[in-house]
S.K.: 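Dropping the structure in here first, questions after.
Being a predicted model, the structure only gives us computed values, none of them experimental. In this chain, numbering begins with 1 at the start of the sequence shown.
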Amino acid sequence: MAAYLIRRLWQMIPTLLGVILLVFFLFKYFGGDPAEILGGLNASKEQVDAIRDQLGLNKPVIEQLWIFIKQIVTFDWGRSWATNEAVSDIFAKRLPATLTVMVPILILDVLLAIPLALGVAYVRGSLTDRSIMIISTVALSISFLVYVIVGQYVFAFQLGWFPVQGWSDSFWTNLAVYSPLPILLAVMVGLAPQTRLYRTFFLDEIGHDYVRTARAKGMTEQTVLLKHVLRNAMIPILTNIGTSLPGIFVGSFLIEVFFSIPGLGREVLGAVNRSDYPVIQAVTVYLAVITMVVNLLTDVLYKMVDPRVVLK
C-alpha cells in the first residue's frame with residue numbers, strides 16, 4: 001500500500017504541472033488584459049501601464065510562470081487585485097461557510113440514496129419500484145432553479161420554517177438555522193439521479209451467479225442484499241461519489257449565491273466579474289488538486305471495501 005501511495009503521489013506531479021501550465025496560459029492569453037479591466041473605460045494609457053507594472057504583468061512570461069509556481073508551492077497567492085486582501089485570508093474566511101453546506105449535502109446524499117436504492121432493488125418490478133422510478137425521472141427533469149424558487153416560497157415564506165437568507169459567526173447557528181434549507185433543496189436535487197444510478201448497480205449485482213448460489217444455500221433475500229450485493233456494489237458507488245465530489249463543491253457555489261451565504265462561491269463569482277485572476281487561479285488549481293486527491297482516496301477505499309482488489 002505504501003509503495004502504491006508513493007507511486008500515485010509521484011504520478012500526480014506531471015498532472016499538476018499540466019494543470020498549472022494550462023491555467024497560466026489560458027488566463028495569460030485568453031483572459032483579457034487585467035490592467036485595462038481594473039482601470040476601467042476612462043483610464044488613460046499611463047494609468048493602465050502603471051497598473052500593469054504594479055501587477056507584474058510587464059515581466060517576462062517565464063518569470064511570471066515561475067512566480068505562479070512559487071505561489072502554488074508556498075500556498076501564498078499574493079493579494080486580490082480588486083480588494084487587495086490576501087488570497088489566503090479570503091480562503092480562510094470563506095471556506096468554513098462552504099464546508100458547512102457542502103459536507104452535509106455529501107453525507108446526506110450517500111446516507112439516503114444507498115438504502116433507498118437498495119430498497120427499490122429489493123422490490124424490483126413492483127408498483128413501489130415503478131412509482132419511485134417515475135418520481136425520480138420527473139425530478140430529474142426539473143431545473144435546480146425551480147427547486148430553489150419553490151423551496152424558498154413554500155418552506156420560507158408560506159410555512160416560515162427557515163429563513164431565506166442570512167449567516168452568522170456561530171457555526172451551530174448556521175448549521176441549525178441558515179443552512180438546512182439550502183442543504184434540503186440540494187439533497188432533493190441529487191437524490192433522484194443517485195437513486196436511479198445506485199439501483200442500476202444493485203440490480204446488476206443481483207443478476208450475477210454468486211447471488212443465485214447464495215439463495216440456493218438458503219440465505220434470505222435481506223441477507224443476500226446486505227451481505228453480498230451491497231458490498232460488491234460499493235465499488236461503482238465509491239467511484240460515483242469520488243467523481244461527483246468536485247461537482248458538489250462547485251454546485252455549492254450556486255447555492256451560496258441563491259441564499260447569500262458568504263462562502264467561496266460568492267467570492268469566486270465576484271472574482272470572475274472583477275477579473276480578479278489571483279483568486280480565480282487559486283480556486284482552479286485547488287479544485288484540480290482536490291480532484292486528484294479524491295481519486296487517490298477512492299482507489300484506497302476500493303481495497304478497504306473489497307480486499308480482492310489489487311492496487312497497481
Side-chain angles (χ1 to χ4, degrees), residues 99-152 154-155 161-162 179-208 210-211 214-215 220-255 258-259 291 294-295 297-298 301-302 304-306:
L99 294 178
T100 302
V101 175
M102 187 189 75
V103 173
I105 292 174
L106 177 62
I107 294 175
L108 290 176
D109 267 345
V110 174
L111 293 182
L112 293 177
I114 291 179
L116 180 58
L118 188 62
V120 173
Y122 175 69
V123 296
R124 58 195 177 280
S126 66
L127 179 61
T128 301
D129 179 24
R130 291 193 293 269
S131 300
I132 292 178
M133 288 302 99
I134 292 174
I135 294 173
S136 299
T137 303
V138 173
L140 280 169
S141 64
I142 301 176
S143 169
F144 177 60
L145 182 59
V146 175
Y147 280 95
V148 172
I149 295 175
V150 175
Q152 288 181 338
V154 174
F155 295 112
W161 290 354
F162 309 103
S179 64
L181 182 56
I183 291 173
L184 172 63
L185 297 179
V187 170
M188 290 174 62
V189 172
L191 189 59
Q194 302 289 7
T195 301
R196 287 179 59 89
L197 182 61
Y198 296 165
R199 173 183 176 272
T200 303
F201 294 155
F202 291 135
L203 291 180
D204 183 61
E205 292 296 328
I206 289 174
H208 288 173
Y210 73 87
V211 174
R215 289 169 177 164
T220 63
E221 191 70 12
Q222 293 90 335
T223 303
V224 172
L225 289 175
L226 295 175
K227 187 176 180 180
H228 297 285
V229 174
L230 177 59
R231 181 176 180 180
N232 286 280
M234 285 304 297
I235 298 296
I237 289 176
L238 286 174
T239 302
N240 178 72
I241 294 173
T243 55
S244 64
L245 185 58
I248 294 176
F249 191 83
V250 175
S252 67
F253 289 179
L254 297 177
I255 295 175
F258 290 133
F259 290 90
T291 301
V294 167
N295 289 336
L297 293 177
T298 302
L301 288 175
Y302 288 162
M304 297 175 62
V305 171
D306 190 349

S.K.: Please report the shortest heavy-atom distance between F144 and A186, naming the atom on each side.
M.R.: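 For F144 and A186, the tightest heavy-atom pair comes out as CE1-CA, 4.4 Å.
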S.K.: Is any side-chain heavy atom of I255 closer than 4.5 Å to one of M102?
M.R.: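 Contact flag for M102/I255 side chains = no.
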S.K.: Quick one: which of L225, I114, V224 gives a side-chain contact (heavy atoms from CB on, under 4.5 Å) with L230?
M.R.: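 When side-chain contact (heavy atoms from CB on, under 4.5 Å) is applied between L230 and each of L225, I114, V224, only I114 qualifies.
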S.K.: Minimum heavy-atom separation for T195 and A117, please, with both atom names.
M.R.: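 Between these two residues, the closest heavy atoms are O-CB, 3.6 Å.
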S.K.: Among I149, L185, V148, which residue satisfies the side-chain contact (heavy atoms from CB on, under 4.5 Å) criterion with F258?
M.R.: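 Going through I149, L185, V148 one by one, the side-chain contact (heavy atoms from CB on, under 4.5 Å) with F258 is satisfied by V148 alone.
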S.K.: Rounded to the nearest 0.5 Å, what separates atom OG in S136 from atom CG in L197?
M.R.: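 Atom-to-atom, S136:OG and L197:CG are 11.5 Å apart.
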S.K.: For the backbone of A233 and the side chain of Y198, can you confirm whether one donor and one acceptor N or O come within less than 3.5 Å of each other?
M.R.: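 Flag not set: sc Y198 to bb A233 has no pair under 3.5 Å.
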S.K.: Go through it in stages, so that I can follow the logic: the residues are M133 and D129, the test is side chain to side chain contact (heavy atoms under 4.5 Å, CB included), and I'd like the CA-CA distance, side-chain angles, deciding distance and then a yes or no.
M.R.: CA-CA 6 Å; M133 288 302 99; D129 179 24; 3.7 Å; yes
S.K.: State, yes or no, whether a side-chain contact exists between P104 and I107 at a heavy-atom distance under 4.5 Å.
M.R.: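 Not touching, per the 4.5 Å side-chain cut-off.
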S.K.: Donor-acceptor pair, distance only, cut-off 3.5 Å: does the side chain of R199 make one with the backbone of L118?
M.R.: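 A pair under 3.5 Å: no.
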S.K.: Looking at OG1 of T239 and CE of M234, how far apart are the two atoms once the value is rounded to the nearest 0.5 Å?
M.R.: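 T239 atom OG1 to M234 atom CE measures 10.0 Å (nearest 0.5 Å).
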S.K.: What is the minimum heavy-atom distance between A139 and A192, and which atoms define it?
M.R.: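 So the two residues come closest at CB-CB, 3.7 Å.
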S.K.: Any idea how W161 and F155 line up, ring-wise: parallel (<30°), tilted (30 to 60°), or perpendicular (>60°)?
M.R.: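 Geometry flag for F155 against W161: tilted rings.
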S.K.: Specify the closest pair of heavy atoms between V138 and I142, including all atoms of both residues, with the distance to one decimal.
M.R.: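 Where V138 meets I142 most closely, the heavy atoms are O-CG1, 3.4 Å.
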S.K.: Only one of I183, V189, L184 clears side-chain contact (heavy atoms from CB on, under 4.5 Å) with V187; which?
M.R.: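 It is I183, the one option of I183, V189, L184 that forms the side-chain contact (heavy atoms from CB on, under 4.5 Å) with V187.
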S.K.: So how far is it from L99 CG to S179 OG, rounded to the nearest 0.5 Å?
M.R.: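 With rounding to 0.5 Å, CG (L99) is 12.0 Å from OG (S179).
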S.K.: Just so I know, are the side chains of I241 and L106 near enough to count as touching, which here means a heavy-atom distance under 4.5 Å?
M.R.: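 Yes - at least one pair of side-chain heavy atoms lies under 4.5 Å apart.
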S.K.: Find out whether N240 and P236 are in side-chain contact, i.e. whether some heavy atom of one side chain is under 4.5 Å from a heavy atom of the other.
M.R.: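 A side-chain contact is absent here, since even the closest heavy-atom pair is not under 4.5 Å.
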S.K.: Between OG1 of T200 and CZ of R196, what distance do you get to the nearest 0.5 Å?
M.R.: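 Between T200 OG1 and R196 CZ, I get 7.0 Å after rounding to 0.5 Å.
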S.K.: Could you go through L191 and Q194, starting from their C-alpha distance and side-chain angles, then the distance that decides it, and tell me whether this counts as side chain to side chain contact (heavy atoms under 4.5 Å, CB included)?
M.R.: CA-CA 5 Å; L191 189 59; Q194 302 289 7; 5.5 Å; no
